[in-house]
Asker: 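Please see the structure below; I have some questions.
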Amino acid sequence: MCTPIWRDGQIWAIMTFVSPQAQVFDEHSIALCKRVASLLGHALDKLDVKQRIECLQEQEAQRARHDVLTGLPNRLALTEYLPQALARAQRHGTSVAVGLIDLDGFKHVNDTYGHEAGDRLLQQLGQSLQALLRQTDYVARLGGDEFVVVFEGLTTTQATEQVEIVLNTLHTAVEKPFAVTPEASATVGMTLGLALYPQDGGDIEHLLKRADMAMYHAKQNKKTREKWWFLANDLADGTSDSHVS
């Protein structure tokens with residue numbers, strides 16, 4: 001005898017029961033076979049529902065940790081990533097660089113072309129930053145026009161030199177105009193403050209604060225600075241005011 005197995009409202013398979021003996025399937029055994037097929041169908045439906053729920057949970061977790069506008073990791077993702085990065089550095093005896101980026105001239109873009117144009121610029125910039133970083137590097141958007149970059153696997157005695165090579169490449173992300181409207185392009189610059197682990201601090205909060213202080217110092221001295229980035233370790237003694245975004 002044959003009985004269908006229903007899955008998600010459709011026939012998924014046909015279950016066939018065969019016996020070497022003739023006339024073996026009576027009313028009771030037929031009902032039992034149909035019951036087995038029905039239970040299997042219900043079990044498959046439950047499996048499908050469970051898999052859909054797990055998929056939705058994964059998608060929700062992904063959305064919760066990524067910036068809606070740029071698709072980059074967000075602040076939550078960064079707070080989960082940084083402890084792991086520092087732990088890896090501690091195990092391997094290497095350094096980590098944490099850089100806080102703030103855009104120069106972004107407000108002018110919003111004021112001139114509108115916030116939608118500013119959003120387009122941020123989307124393009126996010127893609128450029130991600131494309132220019134190494135596989136071991138990390139970039140997240142904190143919000144507004146602020147981003148954080150993290151560089152791992154640095155040799156402690158040569159961390160600054162190694163980071164400078166990456167930063168020179170990273171700056172190309174803003175060296176060409178961004179198409180912000182069908183008719184117009186806009187340019188922005190970048191300012192970055194950089195803190196090193198373990199040289200500038202042993203915990204995330206302190207590193208981010210030091211990077212923020214270095215970034216603010218570079219912003220304040222934009223007209224006279226030699227580079228677009230500034231090391232927290234080079235801050236003058238007594239420099240304690242940090243920029244709060």
Side-chain angles (χ1 to χ4, degrees), residues 1-92 94 96 115-144 146-153 170 173 178-182 204:
M1 67 156 290
C2 299
T3 184
I5 299 173
W6 292 83
R7 186 176 190 177
D8 195 24
Q10 297 180 338
I11 295 178
W12 177 72
I14 301 293
M15 181 176 285
T16 303
F17 298 87
V18 179
S19 172
Q21 301 176 5
Q23 305 298 321
V24 71
F25 294 107
D26 56 16
E27 233 177 79
H28 178 71
S29 59
I30 290 172
L32 185 60
C33 292
K34 289 182 177 179
R35 177 63 175 163
V36 170
S38 176
L39 290 173
L40 180 56
H42 286 309
L44 290 170
D45 282 340
K46 286 184 178 180
L47 177 63
D48 292 341
V49 170
K50 181 182 177 182
Q51 289 177 338
R52 283 196 290 269
I53 291 173
E54 289 175 349
C55 183
L56 289 172
Q57 288 173 335
E58 289 177 6
Q59 291 173 357
E60 185 61 31
Q62 181 82 352
R63 284 193 292 269
R65 288 164 176 79
H66 284 77
D67 176 54
V68 175
L69 179 64
T70 63
L72 294 176
N74 60 13
R75 189 183 293 269
L76 173 60
L78 179 68
T79 60
E80 294 176 344
Y81 171 82
L82 278 175
Q84 300 173 19
L86 300 191
R88 284 190 290 268
Q90 189 173 31
R91 284 198 306 270
H92 300 139
T94 56
V96 176
H115 288 279
E116 288 186 6
D119 287 348
R120 292 190 193 99
L121 188 151
L122 292 174
Q123 289 171 337
Q124 295 173 58
L125 176 64
Q127 293 169 2
S128 295
L129 291 176
Q130 202 162 40
L132 290 168
L133 290 174
R134 305 169 303 173
Q135 287 187 344
T136 54
D137 300 332
Y138 188 85
V139 58
R141 183 188 179 213
L142 290 186
E146 284 195 336
F147 299 82
V148 169
V149 288
V150 183
F151 309 105
E152 289 194 63
L170 202 63
F178 294 93
V180 293
T181 72
I204 296 164

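From a predicted model like this one, the values you see are computed outputs, not experimental measurements. Numbering of residues begins at 1 and proceeds along the displayed sequence.
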Asker: Identify the heavy atoms of Phe25 and Cys33 that sit nearest to each other, and give their distance.
Answerer: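 Shortest heavy-atom separation between Phe25 and Cys33 comes out as CE2-SG, 4.3 Å.
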Asker: State which residue, out of Leu86, Thr136, Leu82, fulfils the side-chain contact (heavy atoms from CB on, under 4.5 Å) condition with Val150.
Answerer: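 Among Leu86, Thr136, Leu82, the one meeting side-chain contact (heavy atoms from CB on, under 4.5 Å) with Val150 is Leu82.
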Asker: How many angstroms lie between atom CD of Gln84 and atom CD of Glu152, to the nearest 0.5 angstrom?
Answerer: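 Here the rounded value is 9.0 Å.
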Asker: Rounded to the nearest 0.5 Å, what separation is found between the CZ atom of Phe151 and the CG atom of Leu170?
Answerer: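 Between Phe151 CZ and Leu170 CG, I get 5.5 Å after rounding to 0.5 Å.
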Asker: Please name the pair of heavy atoms, one in Arg7 and one in Asp48, separated by the smallest distance, quoted to 0.1 Å.
Answerer: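 Answer, listing the atom of Arg7 first, then Asp48: NH2-OD1, 2.6 Å.
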Asker: Apply side-chain contact (heavy atoms from CB on, under 4.5 Å) to Leu39 and list each qualifying residue two or more places apart in sequence or on a separate chain.
Answerer: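 Partners of Leu39 under the side-chain contact (heavy atoms from CB on, under 4.5 Å) test: Arg35.
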Asker: Donor-acceptor pairs under 3.5 angstrom involving side-chain atoms of residues 121-128: please list them, not counting sequence neighbours.
Answerer:
| unit_1 | atom_1 | unit_2 | atom_2 | d |
| --- | --- | --- | --- | --- |
| Gln123 | NE2 | Leu69 | O | 3.4 |
| Gln124 | NE2 | Arg120 | O | 3.3 |
| Gln124 | NE2 | Ala179 | O | 2.8 |
| Ser128 | OG | Gln124 | O | 3.1 |

Asker: Can you tell if the side chain of Val149 reaches within under 4.5 Å of the side chain of Asp137, non-hydrogen atoms only?
Answerer: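 Side-chain contact under 4.5 Å: no.
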Asker: Any side-chain to backbone donor/acceptor pair from Asp45 onto Asp8? Under 3.5 Å, distance only.
Answerer: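 Here the side-chain-to-backbone pair exists.
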Asker: According to side-chain contact (heavy atoms from CB on, under 4.5 Å), who are the partners of Leu40, at least two apart in sequence or on a separate chain?
Answerer: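 Scan of Leu40 (side-chain contact (heavy atoms from CB on, under 4.5 Å), adjacent residues dropped) gives Ile5, Met15, Leu44.
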Asker: Just do the side chain to side chain contact (heavy atoms under 4.5 Å, CB included) check on Tyr138 and Leu78 with the steps written out, would you?
Answerer: CA-CA 9 Å; Tyr138 188 85; Leu78 179 68; 4.0 Å; yes
Asker: With a 4.5 Å heavy-atom cut-off, do Arg52 and Val49 have their side chains touching?
Answerer: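 Yes, close enough: below the 4.5 Å cut-off.
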Asker: What are the two closest non-hydrogen atoms of Val96 and Ala85, and how far apart are they?
Answerer: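 So the two residues come closest at CG2-O, 3.8 Å.
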Asker: Is it true that atom CD of Gln90 has more than 12 heavy atoms of other residues, nucleotides or ligands lying nearer than 6.0 Å?
Answerer: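 Result for CD/Gln90: open.
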Asker: Could you walk me through whether Ile204 and Thr79 pass the side chain to side chain contact (heavy atoms under 4.5 Å, CB included) test, one step at a time?
Answerer: CA-CA 8 Å; Ile204 296 164; Thr79 60; over 6 Å; no
Asker: Once you round to the nearest 0.5 Å, how far does OG of Ser29 lie from NZ of Lys34?
Answerer: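 Those atoms lie 10.5 Å apart.
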Asker: To the nearest 0.5 Å, how far apart are OG1 in Thr3 and CG in Leu32?
Answerer: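 Output value for this atom pair is 11.0 Å.
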Asker: With a cut-off of 6.0 Å (strictly less than), are more than 12 heavy atoms of other residues, nucleotides or ligands near CD of Gln10?
Answerer: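 Not buried by this count: 12 neighbours or fewer within 6.0 Å.
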Asker: Are the side chains of Arg65 and Asn74 in contact, using a 4.5 Å heavy-atom criterion?
Answerer: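 Answer yes - side chains close enough.
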